[in-house]
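By convention in this document, chain letters (A, B, ...) are assigned in the order of the sequence lines, proteins followed by strands, and residues within each chain are numbered from 1.
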Amino acid sequence: MSLRRSCAERISARRRIRLEKKLLQLASVCDKANRGYQKVNNMLADSAFFGMFLTLACYQAGVLVKKKVKVALATPLLVAVVLIIGILLVFHIDYAAYENGAKYISYFLTPATVSLAIPLYRRLALLKEHPAAIFGGIAAGVLTAMIGIFLMSLAFGLNHEQYVTLLPKSVTTAIGMGVSDKMGGIPALTVVSISVTGVFGTVSAEAICKLFRIREPIAKGLAIGTSAHALGTSKALEIGEVEGAMSSLSIVVAGIMTVLAVQVFARFL
Amino acid sequence: MAWSAIRCDERSVSVLKFIRQLLIIITISFVAELMEYLIPLPIAASMYGLVLMLAGLITKLIPLEKVEGAADFLTEIMPVLFVPPTVSIMANFDALRQMLVPLVVICVVTTVLIMGVTGRVSQAILRRENKRKEKNQT
């Protein structure tokens, strides 16, 4: 009895030693892999083009996905962002390594926003035809946005940072990001809320117009552009030429009005 | 030989034109940056630049064809420019999780309201204008 047990113990001891050896080996392999990761991470962090490469490659993939999949949510921007975050997480690449190269792309945001004046200028003749309807409608929309977001933020008990992050969620990304950044919000979350708004507005534009019995093409375009910015404008262009033109006009007009309105409304919460 | 030389020439002229257009846009961006620095309002430089550019175009100080090409290029690549700032939600994941439900609810509800109000108000104004016109004609 005792002999058998000691035999078993000896065997189990030998097994344990073997197991420990294996574990040690595994640990050293892990360590090597870890050091490898760190090396790759350091290399990528030093690389000037990794971030830019990943951005453009994933955007290209997003464009392909959009062509194949006819889903409103599959915009190239969202697909690219999901892909990049996935790649960074799976390969344990630091966000800083990505940002090091990607930040150069963002430098072009200011001149690109300045260039938004050109499409607005091209539509200026339209603005002169119906100034009251255009300014009145868009101003009413912007005011609705401010009051609606304020009341709902109050209801949800959001803090100032969260409230200011959401305030510019209906305007085009370039303008909204600047507002959020300047007022103390989180620009990345503003981009998310702008995307959610744009996708939802695009999908349900026709249903909402029907619900509110908005039938005039000019009114339709203004409504879509003011509420769902550039994403909605692509939908408005599908509905009709007048709708598209009005929608693209209201992107910038609503953007400028929102910048001014936020100066007042940001103080409320 | 001569033909290819002419082609090259045309190409370099258009490239030079593009650089000049870019120069105007970057100059305005730079002035806008200075304005952001000097004016004590929480308004981003790009907004000053946008208004400056619009004012320049309306007053014809900046002819449309002097900025058109580069401006169209910049506005068309804009979605790509939004990718890096959006990826930074990685660094704000907790903040996103905290306000995900209010964010989605507020975005959906206010979008319906904004679209409805904007459309109804502008439609009402348009119809009133049309009625007035008809009255004037009769």
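- Ranked by non-hydrogen atom pairs under 4.5 Å with chain B, the options A:Tyr121, A:Tyr98, A:Tyr59 are led by A:Tyr121.
- Interface remark: B:Glu76 contributes no atoms to any contact with chain A (heavy atom separation under 4.5 Å).
- Chain A forms more heavy-atom pairs under 4.5 Å with one residue of B:Ala71, B:Cys107, B:Gly49, B:Ser46 than with any other, namely B:Cys107.
- Heavy-atom distances place no part of B:Leu52 under 4.5 Å from chain A, backbone and side chain included.
- Looking at A:Leu166, the atoms closer than 4.5 Å to chain B (heavy atoms on both sides) all sit in the side chain, from C-beta outward.
- Using a 4.5 Å cut-off on side-chain heavy atoms (C-beta onward), A:Glu243 and A:Ile224 make no contact.
- When heavy atoms are compared at a cutoff of 4.5 Å, B:Met53 approaches chain A by way of both its backbone and its side chain.
- Residue contact with chain B, scored on non-hydrogen atoms closer than 4.5 Å, involves the backbone and the side chain of A:Ser153 alike.
- With a threshold of 4.5 angstrom between heavy atoms, B:Met78 approaches chain A through side-chain atoms but not through N, CA, C or O.
- Considering only heavy atoms from C-beta on, A:Ser227 stays 4.5 Å or farther from B:Thr118 through its side chain.
- Heavy atoms closer than 4.5 Å to chain B are found in the side chain of A:Ser170, but not in its backbone.
- Between A:Tyr104 and A:Tyr107, the angle of the ring planes goes over 60°, which puts this pair in the perpendicular group of the 30/60° scheme.
- The shortest distance between side-chain heavy atoms of A:Ile134 and A:Glu129 does not fall below 4.5 Å.
- Heavy atoms of A:Leu78 lying under 4.5 Å from chain B are absent altogether.
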- Quick one: do A:Tyr95 and A:Leu89 satisfy side chain to side chain contact (heavy atoms under 4.5 Å, CB included)? Show the steps, please. CA-CA 9 Å; A:Tyr95 168 70; A:Leu89 287 179; over 6 Å; no
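- Ranked by heavy-atom pairs shorter than 4.5 Å toward chain B, the options A:Val191, A:Ile194, A:Ile105 are led by A:Ile105.
- Proximity to chain A is limited to the side chain of B:Glu129, based on heavy atoms less than 4.5 angstrom apart.
- Your options are B:Leu113, B:Thr110, B:Val51, and the one with the most heavy-atom pairs under 4.5 Å with chain A is B:Thr110.
- The most heavy-atom pairs under 4.5 Å with chain B, out of A:Lys103, A:Arg215, A:Glu99, come from A:Arg215.
- Of the atoms belonging to B:Val105, heavy atoms from both backbone and side chain fall under 4.5 Å from chain A.
- Heavy-atom pairs under 4.5 Å with chain A peak, among B:Ile25, B:Ile28, B:Ile43, at B:Ile43.
- Only the side chain of A:Val252 comes within less than 4.5 Å of a heavy atom of chain B; its backbone N, CA, C and O stay farther away.
- The residue among B:Val104, B:Val101, B:Asp72 with the most heavy atom pairs within less than 4.5 Å of chain A is B:Asp72.
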- Task: Let me see the working for A:Lys169 and B:Thr111 under side-chain hydrogen bond (donor to acceptor under 3.5 Å, both in side chains), right down to the final yes or no.
- Result: CA-CA 9 Å; A:Lys169 62 111 208 143; B:Thr111 301; 3.3 Å; yes
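- Looking at heavy atoms from C-beta onward, B:Ile24 lies in side-chain contact with B:Ile62 at the 4.5 angstrom threshold.
- For the set B:Leu54, B:Val121, B:Ile26, the entry with the most heavy-atom pairs within less than 4.5 Å of chain A is B:Leu54.
- Ranking B:Leu64, B:Val67, B:Ile77 against chain A, the residue ahead of the rest is B:Leu64, based on heavy-atom pairs under 4.5 Å.
- For the salt bridge (Lys or Arg N to Asp or Glu O under 4.0 Å) with A:Glu216, the lone residue among B:Arg127, B:Arg120, B:Arg128 that qualifies is B:Arg127.
- Of all the listed residues (A:Gly178, A:Ala102, A:Pro111, A:Ala140), the one sharing the greatest number of non-hydrogen pairs under 4.5 Å with chain B is A:Pro111.
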